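Below is one structure; the comments refer to it alone.
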Amino acid sequence: MVHQPVKAIHINWTRPSMTCNGSVYCRRYQVDDFELFSTILSALLWKQNNGPVKLYTDSIGYEYYRSLGLLPLWDEIDTKTLDSIPCSIDAEIYWAAAKIFAVQAEEGPVVMMDTDLLVWKRLDELRDCEIAAFHTESLDLDCYLPYGYLKKRADYQLDKDWDWSLLPYNTALAYFGHQEFQKYYTHSAIDFMTNNMERPCELVSQMVFAEQRLFSMCAQKMKLSVHTFLKETYNGVCDDFTHLWGAKGVARSDRNFRGQLCRSLINAIRREFPHYQFPVQIQQLAQSVM
């Protein structure tokens with residue numbers, strides 16, 4: 001059977017990290033070393049196994065990647081979409097809003113893939129599904145609040161057909177092969193976030209509702225089945241996927257673990273892609289942690 005390539009998108013919006021208490025401040029934008037190595041490996045693996053990779057970033061992100069010599073990593077780059085995200089979207093509350101805007105801008109089928117997500121195999125199952133997500137999540141997690149506890153602007157209109165008993169979907173990896181769902185989901189998420197400026201105390205619940213819980217609610221309303229790449233919540237033990245979300249948190253507070261994580265990623269790049277040449281700046285960074 002002939003493999004049909006599927007485009008994936010990486011998204012990096014710099015505005016959340018450049019904002020503090022609602023004000024944009026000037027500083028030198030920078031990405032953690034392990035995040036750079038995971039981004040490289042994520043893109044290379046997808047291109048080897050599944051298809052092209054497009055980067056959505058803003059002008060600051062573009063210049064940062066350009067300064068590191070990383071722009072050739074992606075097959076396409078779009079800065080207009082994220083540069084155009086309106087100020088009515090609070091970047092601190094909705095730190096992953098750029099993912100929604102990027103998916104809205106795309107013409108499916110397309111895979112949204114976090115830069116800390118590594119896909120080690122060909123995803124042939126995408127031929128047989130309309131939408132997919134990484135895995136389900138438990139409603140017992142503190143970040144998934146009942147409707148009454150979510151912050152909402154005064155004129156927000158709730159869709160009465162949404163089922164609040166549904167499990168959310170983790171969208172570190174998500175597939176959009178149904179155009180109407182893609183439109184409905186992104187419209188619903190953007191509508192919820194727009195001018196919704198009251199801050200939750202933990203700065204998590206609002207975003208995960210817009211990105212992950214709405215995914216399941218919108219799919220159920222449209223009577224669509226959601227394929228999950230993992231049958232259970234990711235626990236760090238999986239041959240086909242590696243999600244570094246938890247590891248990154250540890251790396252930021254543990255210098256020794258940070259070095260181990262960097263070396264592991266560098267070694268994986270060199271092992272899987274022996275002909276890939278690190279740009280000079282990345283090669284220097286790799287040498288500093290080896």
Side-chain angles (χ1 to χ4, degrees), residues 6-13 16 38-39 42-43 46 50 53-56 81-82 85 89 93-106 108-119 123 125-126 129-139 141 143-145 150 162-164 166-193 203-222 224-235 238 240-246 248:
V6 178
K7 178 170 67 175
I9 54 175
H10 274 164
I11 301 106
N12 179 18
W13 188 33
S38 73
T39 298
S42 177
W46 186 267
N50 290 291
V53 183
K54 179 177 181 177
L55 172 66
Y56 279 87
T81 299
L82 303 197
I85 294 177
I89 304 293
I93 301 173
Y94 303 107
W95 30 268
K99 296 172 69 174
I100 307 298
F101 282 89
V103 171
Q104 183 188 55
E106 275 296 313
V110 67
V111 165
M112 177 175 71
M113 178 174 63
D114 286 357
T115 58
D116 61 5
L117 196 285
L118 311 176
V119 180
L123 299 183
E125 61 263 45
L126 295 182
C129 63
E130 294 182 293
I131 54 175
F134 196 29
H135 56 73
T136 58
E137 298 209 328
S138 172
L139 282 173
L141 295 173
C143 59
Y144 293 113
L145 303 181
L150 287 171
W162 288 344
D163 184 347
W164 290 76
L166 297 170
L167 295 179
Y169 285 101
N170 184 291
T171 53
L173 183 67
Y175 171 68
F176 299 87
H178 190 287
Q179 186 176 16
E180 292 307 311
F181 171 78
Q182 188 174 338
K183 290 179 179 178
Y184 177 49
Y185 164 67
T186 56
H187 170 79
S188 298
I190 291 170
D191 177 48
F192 174 77
M193 295 186 292
L203 287 180
V204 176
S205 57
Q206 298 291 103
M207 188 67 248
V208 295
F209 170 75
E211 181 188 353
Q212 304 197 146
R213 199 167 185 184
L214 274 180
F215 194 98
S216 58
M217 291 176 169
C218 291
Q220 191 271 345
K221 176 171 178 174
M222 298 188 71
L224 294 173
S225 175
V226 180
H227 171 78
T228 52
F229 297 104
L230 298 181
K231 299 307 177 187
E232 298 180 352
T233 301
Y234 180 79
N235 62 9
C238 182
D240 297 329
F241 305 96
T242 303
H243 192 201
L244 297 171
W245 176 261
K248 293 192 305 183

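It should be emphasised that the depicted structure is a prediction, and the values quoted were computed from it without experimental measurement.
For the atom pair OH (Y94) and CE (M207), the distance works out to 8.5 Å, reported to the nearest 0.5 Å. Here CD of E130 is found 12.5 Å from CD of Q182. Values are rounded to the nearest 0.5 Å. Going from atom CZ of F192 over to atom CD of E211 covers 13.0 Å, rounded to the nearest 0.5 Å. We find the CG-CD1 distance between L214 and I190 to be 11.5 Å, quoted to the nearest 0.5 Å. With rounding to the nearest 0.5 angstrom, the CZ atom of F209 is 8.5 Å from the OG atom of S188. Remark: I93 CD1 to S205 OG distance equals 9.5 Å, nearest 0.5 Å.
Y144 and W164 have their aromatic ring centers separated by at least 6.0 angstrom. Residues F241 and Y234 place their aromatic rings such that the two centres sit no closer than 6.0 Å. Taking the six-membered ring for Trp and the full ring otherwise, H227 and F229 have centroids separated by under 6.0 Å.
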- Task: Check step by step if side chain to side chain contact (heavy atoms under 4.5 Å, CB included) holds for Y185 and I131.
- Result: CA-CA 11 Å; Y185 164 67; I131 54 175; over 6 Å; no

- Just do the side chain to side chain contact (heavy atoms under 4.5 Å, CB included) check on V110 and K54 with the steps written out, would you? CA-CA 10 Å; V110 67; K54 179 177 181 177; over 6 Å; no

- Task: Take H243 and D114 through the side chain to side chain contact (heavy atoms under 4.5 Å, CB included) test and state the conclusion after the steps.
- Result: CA-CA 9 Å; H243 192 201; D114 286 357; 4.2 Å; yes

- Message: Checking N170 against Q212 for the side chain to side chain contact (heavy atoms under 4.5 Å, CB included) test, could you report, in this order, the C-alpha distance in whole Å, the side-chain angles of both residues, the deciding distance, and whether it holds?
- Response: CA-CA 6 Å; N170 184 291; Q212 304 197 146; 3.9 Å; yes

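The two atoms that bring I11 and A98 nearest to each other are CG2-CB, 3.6 Å, heavy atoms only. Across all non-hydrogen atoms, the minimal contact from T171 to M112 is O-CE, 3.6 Å. Summarising the geometry of A132 relative to F215, their closest heavy-atom pair is O-CZ, 3.6 Å, with the distance given to 0.1 Å. Considering all non-hydrogen atoms of both residues, G177 and P109 come closest at CA-CB, 4.1 Å.
Side-chain polar atoms of T39 and H10 form no donor-acceptor pair below 3.5 angstrom.
L139 has its side chain within reach of R213: a pair of non-hydrogen atoms, C-beta onward, lies under 4.5 Å apart. No side-chain heavy atom of L123 sits under 4.5 Å from any side-chain heavy atom of Y175. Between L126 and V111, the closest side-chain pair of non-hydrogen atoms falls below 4.5 Å. Looking at heavy atoms from C-beta onward, E137 lies out of side-chain contact with V208 at the 4.5 angstrom threshold.
Between the side chain of T136 and the backbone N or O of T233 there is no donor-acceptor pair closer than 3.5 Å. In this structure, the side chain of T81 does not engage the main chain of A102 through any donor-acceptor pair within 3.5 Å. Of the possible donor and acceptor atoms, none in the side chain of W46 sits under 3.5 Å from a partner among the backbone N and O of I9. At least one donor-acceptor pair closer than 3.5 Å links the side chain of S216 to the backbone N or O of L167. Although no hydrogens or angles enter the test, the distance criterion places a donor-acceptor pair under 3.5 Å between the side chain of S38 and the main chain of T115.
Between F181 and F176, the ring planes lie parallel to each other; the angle is under 30°, not in the 30° to 60° tilted range.
Within a 6.0 Å sphere centred on CD of Q179, other residues, nucleotides and ligands contribute 12 heavy atoms or fewer.
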